[in-house]
Asker: 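Input: one structure, supplied below.
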Amino acid sequence: MPEEPIRPQITLSPAEARRFMLLHHHLLPPRQLHGKADITALFQRLGCIQFDPVNVIAPSPDVMLQARVADYTPALLNELLYSERELINGFDKVMSIYLSADWPYFARRREAWRKDHWYTYEEPTQIHPLLLEEIRSRGPLSSLDLEMSDKITSFWGIPIRVERAALENLLAMGSLGIHHRSGTRRYFDLIEHLLPAELLAAGDPNPTEEDYQDWHVLRRIGGLGLAFDGGTEHWLGILNLKAPQRRAALRRLTDQGRVIPATVAGLEGKLFFLRAEDLPTLEQARAGQSTPAGAALLSPLDNLLWHRDSLRWLFNFDYIWEVYKPADQVVYGHYVLPVLYGENFVARCEPALNRRAGALELRNWWWESGVQPDDAMLAGLADCLRAFCASFNARQVVLSESAASDVHLQRLANTVPDLFKL
């Protein structure tokens, strides 16, 4: 007999679903968190945040955190990663940052990488022992400290030096960790120099693969807030999890009362899941209490954006990061950030950071269809841009000719002339 489908237990209105997502992601209002303790608590809620080294403004985790943390600077994340070691770079959804305390839960992932390296070419594999010995004797090293002449093909079809490929392998296997960064350059060290011995010696908390998959599916639902049961991108990185295994894990978690199946009115036939522990946030969303509207620029890899279809269904916002698209396929720009105001996405913008001039350049700005900025929205955007500049050491906002031709941005610039250079 066919398996009985999972039945929804609750139905949300679209407004309740949107508000729940924003509350869950600490974006209603933005910049409500403070300091490193709140950043750690955010990781406890979301599990991980995605890392990408593209650095038009700052790496993606910094852009994500500035939307949630008042007076955020990249130094806060660097201290948690490389001084206090509360956080660690590792593979979760993709390459991510997560709590160091979660290290034992990824034992199966590291073991899988040992059997099937990122780079399975013979050359990197042969020098794994050599690199470990070099770092053991010399201390933290970057790939440039290990010059070799050979290159192999990377995932993106671009030549990559053998020693860098080997370091990537050893990082994925858990033999190495990132000691620190200097700009975009990573310095690697033996993992036993970076994490406590008792943490490294801890056994896998999940005895079976089913236990592991239940844990990781539950964790991923927390990373999303409201997780659509289909699709692929937002379920990436969970070991040996294809659609049948995902459905089985969701059924087990539902039967255990750890997740709640839900539907959203108007999205018939689409099933979502939220964690039972997040029900108080849902009740807060349903209460509909008035929250002062604020604005934020979101990272292209923000957890709120992980499932593009849900973003479109719930927020009527169609967004894709075009950074890796060929130039002739780009619709907006290679680095375009969503602009959130209150409970809606109102615009998208193309920023750049002129570090020498200490200026945030707004190269382009596109209002969403039907948006008519009023004084309150413009004031919220001014606060958002001021906080964004402060996070990334910019003293002023510069409008391109294209952006300056927008009457609403011109009005905003005239309202706060100390922030804008006209």
Side-chain angles (χ1 to χ4, degrees), residues 39 43 48-69 71-83 87-98 140 142-145 154-156 158-161 164 167-168 171 177-188 296-306 319-327 330 332-339 348-365 384-385 387-398 400 403:
I39 294 175
F43 278 92
C48 75
I49 63 177
Q50 196 168 331
F51 180 88
D52 190 280
V54 171
N55 193 359
V56 174
I57 300 295
S60 54
D62 291 311
V63 181
M64 180 191 173
L65 290 171
Q66 65 75 34
R68 293 160 169 83
V69 182
D71 301 321
Y72 178 79
T73 65
L76 293 174
L77 182 59
N78 283 338
E79 288 169 11
L80 286 168
L81 276 166
Y82 306 126
S83 298
L87 302 174
I88 191 169
N89 302 96
F91 195 92
D92 189 335
K93 177 177 179 283
V94 288
M95 185 52 68
S96 304
I97 298 172
Y98 56 78
S142 77
S143 63
L144 295 183
D145 297 317
S154 74
F155 295 122
W156 301 100
I158 300 170
I160 182 174
R161 290 164 48 240
R164 180 179 167 189
L167 289 169
E168 297 282 5
L171 177 66
I178 298 176
H179 181 273
H180 69 281
R181 292 177 184 268
S182 179
T184 59
R185 186 179 302 176
R186 297 168 298 173
Y187 286 79
F188 298 86
L297 305 184
L298 300 191
S299 164
L301 299 177
D302 197 290
N303 293 45
L304 180 65
L305 313 180
W306 275 1
Y319 174 79
I320 188 168
W321 195 26
E322 301 182 290
V323 67
Y324 295 116
K325 276 189 174 183
V330 172
Y332 290 100
H334 279 117
Y335 192 80
V336 171
L337 306 187
V339 182
R348 61 193 82 202
C349 68
E350 183 182 21
L353 188 61
N354 186 329
R355 292 172 174 82
R356 179 172 295 182
L360 175 69
E361 300 173 354
L362 291 183
R363 295 178 173 175
N364 283 293
W365 186 282
C384 160
L385 290 170
F388 195 89
C389 286
S391 289
F392 303 118
N393 204 27
R395 296 183 298 276
Q396 59 189 2
V397 178
V398 177
S400 71

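As a basis for the values below, the full set of heavy atoms in this structure was taken, side chains included, without hydrogen atoms, waters or symmetry mates.
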Asker: Taking the side chain as every heavy atom from C-beta outward, state whether Val339 and Leu297 have any pair of such atoms under 4.5 Å apart.
Answerer: yes
Asker: Indicate whether the side chain of Tyr335 and that of Asn55 have a donor and an acceptor atom separated by less than 3.5 Å.
Answerer: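 No, because no side-chain N or O of Tyr335 sits under 3.5 Å from a partner of the opposite role on Asn55.
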Asker: ring-ring contact (aromatic ring centres under 6.0 Å, His included), that's the test. Do His179 and Tyr187 meet it? Break it down for me.
Answerer: CA-CA 6 Å; His179 181 273; Tyr187 286 79; 8.2 Å; no
Asker: Can you find a heavy atom in the side chain of Phe388 that is under 4.5 Å from one in the side chain of Ile57?
Answerer: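 Of all side-chain heavy-atom pairs linking Ile57 with Phe388, at least one is under 4.5 Å.
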Asker: To the nearest 0.5 Å, tell me how far Trp306 CH2 sits from Leu304 CG.
Answerer: 11.0 Å
Asker: Where do His334 and Glu350 come nearest, in terms of heavy atoms and distance?
Answerer: N-OE2, 4.5 Å
Asker: Flag the pair Arg185 and Asp145 as a salt bridge only when some basic side-chain nitrogen lies within less than 4.0 angstrom of an acidic carboxylate oxygen.
Answerer: no
Asker: When rounded to the nearest 0.5 angstrom, what distance separates CG in Asn89 from CZ in Arg181?
Answerer: 5.0 Å
Asker: Rounded to the nearest 0.5 Å, how far apart are SG of Cys384 and CD of Gln66?
Answerer: 7.0 Å
Asker: Distance from Phe91 atom CZ to Leu171 atom CG, nearest 0.5 Å?
Answerer: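 Reported to 0.5 Å precision, the distance equals 11.0 Å.
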Asker: So do Tyr98 and Leu87 actually touch side chain to side chain, heavy atoms under 4.5 Å?
Answerer: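 No, their side chains stay 4.5 Å or more apart.
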Asker: Report yes if some heavy atom in the side chain of Leu337 is under 4.5 Å from a heavy atom in the side chain of Pro300; otherwise report no.
Answerer: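 Leu337 vs Pro300: side chains touch.
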Asker: Once rounded to the nearest 0.5 Å, what's the spacing between atom CZ of Phe43 and atom SG of Cys48?
Answerer: 8.0 Å
Asker: Once you round to the nearest 0.5 Å, how far does OH of Tyr319 lie from CG of Asp302?
Answerer: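 Tyr319 OH to Asp302 CG: 9.5 Å, rounded to 0.5 Å.
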